[in-house]
Q: 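Structure in structure tokens, see below.
This chain uses plain numbering: 1 for the first residue, then up along the sequence.
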Amino acid sequence: MSNDGFLSFPQSFLWGVSTSAYQIEGAVDEDGRGLSIWDTFCRQPGKVRNGENGDVAADHYHRWQEDVHIMAELGLKAYRFSIAWPRILPSGYGAVNPKGLDFYGRLVDALLAKGIEPFPTLYHWDLPQALQDRGGWPNRDTAYYFAEYAQVIAEALGDRVTYWITHNEPFVAAVLGYFTGEHAPGVQDPVAAFQAGHHLLLSHGLAAQALRETARLRPHVGIALNLSPVYPASESEADRQAAVRFDGVLNRMFLDPLFRRQYPQDLLNLLGGLFPQPEPGDLDRIGAPLDFLGVNYYSRIVVRHDPEFPLIQAVQVQPEGAEYSQMWEIYPQGMYDLLTRIWADYRPAYVLVTENGIPVADAPDLDGRVRDERRIRYLRDHLVQVHRAMSDGVPLRGYFVWSLLDNFEWAHGYAMRFGLVYVDYATQQRIVKDSGRWYAQVVAENGVRVGE
Ligand code: GCO
């Protein structure tokens, strides 16, 4: 509903923020945590900007109570974080590390005490190194180890946690981790990448089953996908077909198995030999009903046909005259186009925007304030599109800003600041940015003032 420049949201709307373990926790060698593939990857020369790593990050492992206090001060309704598999099962399977379970149990209890709904993600890219040493995600066994890990967590937290996200962006974990090598474990092998993609999806299905069989509170289980609307660079048939192929690899390769229990036939035809042969029952497990779909939206993709481009003959272009952040084109309309397409084509039970945000080269002014108008404008413009999609029937129940804190942005190291809260990495001081104050007002008023 909107009136005189104010867009109001439903009473139960979940206003949240998102983070991930490796990007904020630090304490990588503390309290029994095992090595992850990102600890190993960061130590390989040239992989991460300035050789930076997550050893300390935002020191959340020690400062989590202060961070929960900040979230409560902002009046947040929900907090999406990830659980570090190597903290729970240092070798990936077998012996459970009680100190790891204790950390997340205390965090969940503190959130609930403040009326903040915990949204744990079970996997946000920090695979135990010991499992990578046994083949990693291309090894089908990893999917079953993941299900065991999910069961351990459900036993420990399933009496207090209602909402569960199995995976964050399996596309990125598979393609950047095993095809391009830009992310951990830095493998460059197309066959391994598609095997990894299938096993990540299979592990989602197995973990969802474990959560539903083990958690004492009836669990709402979802998955968070990085999705973008894909547009052709021109109206030519060649570019239009390129956009279809790119959409297939980026979006439909995950949405179709999850919602239709099948891989897209055009992709199988295009990439055929690269796809692993699903074993009997795989697609039924992957396609078991989802309680919700998590959508990570940042920007759109514009592509043109390029016969030289391997596998998909489609290459991304950067439209002229557009506005850009340090990482992507700023295109709020894409949020509406994406959400309405997902609803039209896949009919999820309900949707959460599990990530949306912008990197800005923030710094405190002399008065100590961080005046991040660009982030406020980005978030407002995207919330307008979220509201528009809801008005057009998309069952959207929540929105999570990426991110609560400035943090380790993977191969970019600490160069990209996404937080509503500024982190001075030298002192670990937190400063709530203007965008954090603005978001607190959105939450308090349960709506967005437009045209300000
Ligand atoms: C992702 C990841 C986050 C990123 C964020 C900014 O969506 O890529 O979930 O870990 O840090 O999106 O790139």
Side-chain angles (χ1 to χ4, degrees), residues 20 22-23 35-48 53-54 82 84-86 92 121-147 149 166-207 223-228 245-246 248-258 263-264 267-268 270-279 282 286 296 309-312 314 316 409-412:
S20 86
Y22 190 77
Q23 293 179 272
L35 268 185
S36 79
I37 55 176
W38 271 93
D39 299 301
T40 306
F41 189 69
C42 289
R43 275 158 181 71
Q44 294 170 25
K47 299 297 185 186
V48 177
N53 58 53
S82 81
W85 189 347
T121 302
L122 294 181
Y123 187 72
H124 202 125
W125 307 351
D126 45 0
L127 183 72
Q129 182 60 47
L131 292 182
Q132 178 58 30
D133 295 344
R134 300 166 71 109
W137 285 109
N139 178 353
R140 186 181 172 88
D141 293 349
T142 306
Y144 291 86
Y145 290 134
F146 184 71
Y149 156 56
T166 55
H167 277 288
N168 178 75
E169 304 191 353
F171 172 93
V172 175
V175 173
L176 275 67
Y178 292 93
F179 187 97
T180 68
E182 294 165 84
H183 277 192
V187 171
Q188 292 180 307
D189 174 346
V191 173
F194 283 96
Q195 285 173 333
H198 181 65
H199 296 152
L200 281 155
L201 282 171
L202 175 62
S203 74
H204 155 77
L206 295 168
I223 187 170
L225 302 180
N226 57 295
L227 301 169
S228 291
R245 294 192 296 273
F246 202 106
V249 171
L250 176 67
N251 299 317
R252 293 182 286 120
M253 188 164 81
F254 292 89
L255 289 168
D256 280 23
L258 288 166
Y263 283 109
L267 264 192
L268 292 174
L270 181 70
L271 304 169
L274 283 174
F275 263 79
Q277 186 55 42
E279 295 198 9
D282 282 4
I286 293 169
N296 293 355
F309 197 85
L311 296 181
I312 58 172
Q316 184 173 2
E409 179 51 35
W410 310 112
H412 294 285

Q: Can any side-chain N or O of Glu169 pair as donor or acceptor with the backbone N or O of Leu225 at less than 3.5 Å?
A: no
Q: Mind checking whether Phe41 and Trp125 have ring centres under 6.0 Å apart?
A: no
Q: Please report the C-alpha distance between Leu311 and Val249 in whole Å, then the side-chain angles of each, then the deciding distance to 0.1 Å, and finally whether the side-chain contact (heavy atoms from CB on, under 4.5 Å) criterion is met.
A: CA-CA 10 Å; Leu311 296 181; Val249 171; over 6 Å; no
Q: Measure up the His198 and Tyr263 rings against each other and bin them: parallel (under 30°), tilted (30 to 60°), perpendicular (over 60°).
A: tilted
Q: Which distance, rounded to the nearest 0.5 Å, do you find between the CG of Asp133 and the OG1 of Thr40?
A: 7.5 Å
Q: Go through Asn53 and Arg43 one step at a time and tell me if the side-chain contact (heavy atoms from CB on, under 4.5 Å) criterion holds.
A: CA-CA 8 Å; Asn53 58 53; Arg43 275 158 181 71; 4.0 Å; yes
Q: Kindly say whether the aromatic ring centers of His183 and Trp137 come within a distance under 6.0 Å.
A: no
Q: When rounded to the nearest 0.5 angstrom, what distance separates CD1 in Ile37 from CH2 in Trp85?
A: 10.0 Å
Q: Do Asp39 and Gln129 touch side chain to side chain, with heavy atoms closer than 4.5 Å?
A: no
Q: Rounded at 0.5 Å granularity, tell me how far OG1 in Thr166 sits from CD1 in Ile223.
A: 4.0 Å
Q: Does the plane of the ring in Tyr22 sit parallel, tilted or perpendicular to the ring in Trp38? Use 30° and 60° as the thresholds.
A: tilted
Q: Rounded to the nearest 0.5 Å, what's the gap from CZ on Arg252 to CG on Leu258? Could you check?
A: 14.0 Å
Q: Under 3.5 Å, side chain of Asp189 to main-chain N/O of Tyr178, donor-acceptor pair present?
A: no
Q: Closest approach of Pro138 and Ala192, non-hydrogen atoms and distance?
A: CG-O, 3.7 Å
Q: Determine, stepwise, if the pair Asp282 / Leu201 fulfils side-chain contact (heavy atoms from CB on, under 4.5 Å).
A: CA-CA 9 Å; Asp282 282 4; Leu201 282 171; over 6 Å; no
Q: Do the side chain of Tyr149 and the main chain of Leu122 share a donor and acceptor less than 3.5 angstrom apart?
A: yes
Q: Do the side chain of Ser82 and the main chain of Thr121 share a donor and acceptor less than 3.5 angstrom apart?
A: no
Q: What's the separation between atom CG in Asp126 and atom CG in Asn168, rounded to the nearest 0.5 Å?
A: 10.0 Å
Q: Evaluate the side-chain contact (heavy atoms from CB on, under 4.5 Å) criterion for residues Thr142 and Ser203: first the C-alpha distance (whole Å), next the side-chain angles of each, then the deciding distance (0.1 Å), finally the verdict.
A: CA-CA 8 Å; Thr142 306; Ser203 74; over 6 Å; no
Q: Working to the nearest 0.5 angstrom, can you tell me the gap between Phe146 CZ and His204 NE2?
A: 9.5 Å
Q: Arg134: what forms a salt bridge (charged side-chain N to carboxylate O under 4.0 Å, His left out) with it, not counting sequence neighbours?
A: none
Q: At their closest point, which heavy atom of Gly54 faces which heavy atom of Cys42, and how far apart are they?
A: N-SG, 4.5 Å
Q: Which class fits the ring pair Trp410 and His124: parallel under 30°, tilted 30 to 60°, perpendicular over 60°?
A: parallel
Q: Provide the closest heavy-atom pair for Leu250 versus Ser228 in the form atom of the first, atom of the second, distance.
A: CD2-CB, 3.8 Å
